Every structure is written in structure tokens, then in C-alpha cells.
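Okay, so here's the structure we're looking at.
First listed ligand is number 1; within each ligand, the first listed atom is number 1. In this text the structure is predicted, and so the values were computed from the model without any measurement.
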Amino acid sequence: MKLLEDRILRDGQVRPGNVLKVDCFLNHQLDVDLLDKIGEEFYRIFKDDGVNKILTIEASGIAIACMTARHFDVPVVFAKKAKSKNIDGDVYTSTVHSYTYGKDYNITLAQKFLGPNDRVLILDDFLANGKAMRGLLDVCQQAGASVAGIGICIEKGFQPGGGELRREGYKLASLAIVDEMGDNGSLKFRETEY
Ligand code: 5GP
């Protein structure tokens, strides 16, 4: 998605440890107009895949998921990272290793919000090693929900998560794929598939 690539080039910052910071438009301060166009793009790609629910993970995925859900007219459900005393009933849980924080955390989702009748589009801001996505896929499997597709705003193509998921046959659409991040802040994008 040219608009997103241009915005990354303009406002993204390459940080040590292969971290791309996009907090001024995607995951801290939010450019709602850009998010709306991202939602439109995910709708264009997945509109014929029978999606009846969007699943993401807090916090950065929520805005992306909500803006996309407006186009699909389906509910959004998000996996929680913090243990909450406020979740009723039975929950699905999975353990995820965080790339940005370098530690494991548990994700939790109330069972009443995901089940075998759901056909899920999973969305997130970044895909790197794929650990967060594995947690969400695990939750879908526990729920007996089917996965219609995976939509990612920024995939770091030099890390293995995206390649592994494509080889497993998931319909994975990343709107921008960064194949190289130079120490001088330079970025190289791969041509995207959809
Ligand atoms: P993965 O689990 O695929 O290794 O990493 C995905 C998660 O880690 C995303 O949910 C995202 O929040 C975070 N992440 C991974 N790489 C980056 C990065 O370069 N920049 C930012 N801002 N977040 C990242």
C-alpha cells in the first residue's frame, strides 16, 4: 500500500535492534484518516472470505481492527495481555514471547466471544517473528473458529514470521513489507502480493 509505505518513509524511525518506530501515526498517536484507508484496503483484500469477526491483540491492534470492522460491519474482539479480574466465565489463554519487550506474557480471551461458528480475520500492526500471531491462532484453534485470513500493517520481511505463515497456507496480506532496515535509517520495501 503506497500510502502506508510513503508514510513509513516520511515518519518512521529505525531504532537499534531492528525496531521500526511508527508511534506518531500507527500505534501511539493515531492518524485516523490513514487508519480508515488501511481498513478499506483490508476490506478490499478479504471481503469475499466470509469474515464474521475480527480478532486482534491489545493495544496496538485495536484501532486498526475497529477501523477495518466498520467496512465489514462485524464485531471486533481483542485478546487481553493483562490479567483482568473483570473477565467473566471461562477463558482461552496462550503464552506469547514479546519481541519488543524480550519476555513472555499470557493472552486471555473470554470463551463467550469466540467459537466454532466464527470465521475470523486476524489483524495486527506488526509481524516479525510471528509469536503474537501464533498466540492468536492458538486461541482460534482452542475456540474451533476458522481463520479466513491474516492482515498486517507492517511485516518485517527479514524476520521469519510471515514466510512461515505463508508456507502453512494462510492468506496473509501485509500492506507494507520491509525487507531491509539500514543503520542509517534507510528502508527497502518488497512488492506486496494483494
Ligand atoms: P512478533 O510476535 O511477530 O515477533 O512481533 C509482533 C509484535 O511485536 C507486534 O504486535 C508489535 O507490537 C511488536 N513489534 C515487533 N516488531 C516491531 C517493530 O519493529 N516496531 C514496533 N513498533 N513493534 C514491533
Side-chain angles (χ1 to χ4, degrees), residues 1 4-31 34-35 38-39 42 54-68 76-82 92-109 120-141 147 149-168 170-190 192-193:
M1 184 185 182
L4 179 58
E5 290 179 357
D6 288 347
R7 190 60 182 272
I8 296 167
L9 286 173
R10 199 182 84 190
D11 292 330
Q13 294 172 310
V14 177
R15 291 288 167 88
N18 278 332
V19 170
L20 177 61
K21 227 170 151 50
V22 288
D23 59 351
C24 67
F25 60 95
L26 192 66
N27 54 21
H28 194 164
Q29 175 170 268
L30 303 173
D31 180 335
L34 175 67
L35 288 174
I38 285 173
F42 282 137
I54 293 178
L55 171 67
T56 189
I57 182 164
E58 70 174 350
S60 308
I62 296 176
I64 296 157
C66 289
M67 297 304 282
T68 305
V76 171
V77 62
F78 65 90
K80 297 195 175 212
K81 287 180 181 169
Y92 306 114
T93 60
S94 190
T95 302
V96 172
H97 181 76
S98 164
Y99 178 79
T100 34
Y101 294 100
K103 59 175 189 187
D104 287 353
Y105 60 92
N106 289 322
I107 59 170
T108 309
L109 189 91
V120 178
L121 173 61
I122 309 179
L123 299 179
D124 205 1
D125 59 342
F126 273 90
L127 178 65
N129 291 317
K131 305 291 186 196
M133 194 49 60
R134 292 290 166 192
L136 293 172
L137 288 167
D138 182 26
V139 162
C140 287
Q141 198 189 7
V147 177
I150 299 172
I152 298 293
C153 293
I154 305 173
E155 176 180 335
K156 288 151 75 186
F158 51 88
Q159 289 179 253
E164 288 168 4
L165 291 164
R166 286 188 187 89
R167 278 193 291 281
E168 287 168 39
Y170 288 103
K171 179 174 178 180
L172 165 62
S174 298
L175 303 186
I177 303 179
V178 180
D179 265 342
E180 276 179 46
M181 295 198 322
D183 289 338
N184 58 355
S186 64
L187 293 168
K188 206 171 181 179
F189 291 102
R190 187 190 309 173
T192 50
E193 204 178 330

Quiz item: Is it true that a side-chain atom of Gln159 and a backbone atom of Leu127 form a donor plus acceptor pair closer than 3.5 Å?
Solution: no
Quiz item: Heavy atoms, side chains only, cut-off 4.5 Å: are Val22 and Ile154 in contact?
Solution: yes
Quiz item: So which protein heavy atom does atom 23 (N) of ligand 1 come closest to, and at what separation?
Solution: Phe126 CD1, 3.5 Å
Quiz item: Which atoms from ligand 1 have a heavy atom of Asn18 less than 4.0 Å away?
Solution: 19 (O)
Exercise. Look at atom 16 (N) of ligand 1 and say which protein heavy atom is nearest, naming residue and atom and giving the distance to 0.1 Å.
Key: Lys156 NZ, 2.9 Å
Quiz item: Hey, is NE2 on His97 packed in by over 12 heavy atoms from elsewhere, all under 6.0 Å?
Solution: yes
Quiz item: What part of Val22 sits under 4.0 Å from ligand 1 if we count only heavy atoms: the side chain, the backbone, both or neither?
Solution: neither
Practice problem: Please tell me if the side chains of Leu172 and Ile152 come closer than 4.5 Å, counting only heavy atoms from C-beta onward. | Solution: yes
Quiz item: How long is the span from the CG atom in Leu35 to the SG atom in Cys153, to the nearest 0.5 Å?
Solution: 7.5 Å
Quiz item: atom 4 (O) of ligand 1: which protein heavy atom is closest, and how many Å away?
Solution: Asn129 N, 2.8 Å
Practice problem: Could you tell me the residue and atom name of the protein heavy atom closest to atom 2 (O) of ligand 1, and the distance to it rounded to 0.1 Å? | Solution: Ala132 N, 2.8 Å
Quiz item: When Ile38 is tested against each of Asp125, Leu123, Leu26 for side-chain contact (heavy atoms from CB on, under 4.5 Å), which residue passes?
Solution: Leu26
Quiz item: Say you draw a straight line from CE of Met181 to CZ of Phe158; how long is it, rounded to the nearest 0.5 Å?
Solution: 4.0 Å
Exercise. Give the residue, atom name and distance (to 0.1 Å) of the protein heavy atom nearest atom 12 (O) of ligand 1.
Key: Asp125 OD1, 3.6 Å
Quiz item: What are the two closest heavy atoms between Asp31 and Leu34, and how far apart are they?
Solution: OD1-N, 3.0 Å
Self-check item: Minimum-distance protein heavy atom relative to atom 20 (N) of ligand 1
Solution: Leu20 O, 2.8 Å
Exercise. Mark yes or no for whether Asn129, through its side chain, and Lys131, through its backbone, hold a donor-acceptor pair below 3.5 Å.
Key: no
Quiz item: Looking at ligand 1, does any of its N/O atoms fall within less than 3.5 Å of an N/O of Leu127?
Solution: no
Quiz item: At a 4.0 Å cut-off, with the gap strictly under it, does some heavy atom of Ser60 reach an atom of ligand 1?
Solution: no
Quiz prompt | Atoms of ligand 1 close to Asn27 [distance to a heavy atom under 4.0 angstrom, numbered from 1] | solution = 22 (N)
Exercise. State whether the side chain of Lys156 and the backbone N or O of Asn18 hold a donor-acceptor pair below 3.5 Å, judged by distance alone.
Key: yes
Quiz item: Between Gly130 and ligand 1, does any nitrogen or oxygen pair lie at a separation below 3.5 Å?
Solution: yes
Quiz item: Could you walk me through whether Arg134 and Glu164 pass the side chain to side chain contact (heavy atoms under 4.5 Å, CB included) check?
Solution: CA-CA 11 Å; Arg134 292 290 166 192; Glu164 288 168 4; 3.9 Å; yes
Quiz item: Judged by non-hydrogen atoms, does Ile154 sit under 4.0 Å from ligand 1?
Solution: no
Practice problem: Give yes if a backbone or side-chain nitrogen or oxygen of Ala128 is under 3.5 Å from a nitrogen or oxygen of ligand 1, and no if not. | Solution: yes
Exercise. Measure Lys21 to ligand 1 on non-hydrogen atoms and call it side chain, backbone, both or neither using the 4.0 Å cut-off.
Key: neither
Quiz prompt | atom 15 (C) of ligand 1: nearest protein contact (heavy atom, Å) | solution = Tyr99 CD2, 3.6 Å
Practice problem: Would you mind checking which non-hydrogen protein atom is closest to atom 10 (O) of ligand 1, with the distance to 0.1 Å? | Solution: Asp124 OD2, 3.0 Å
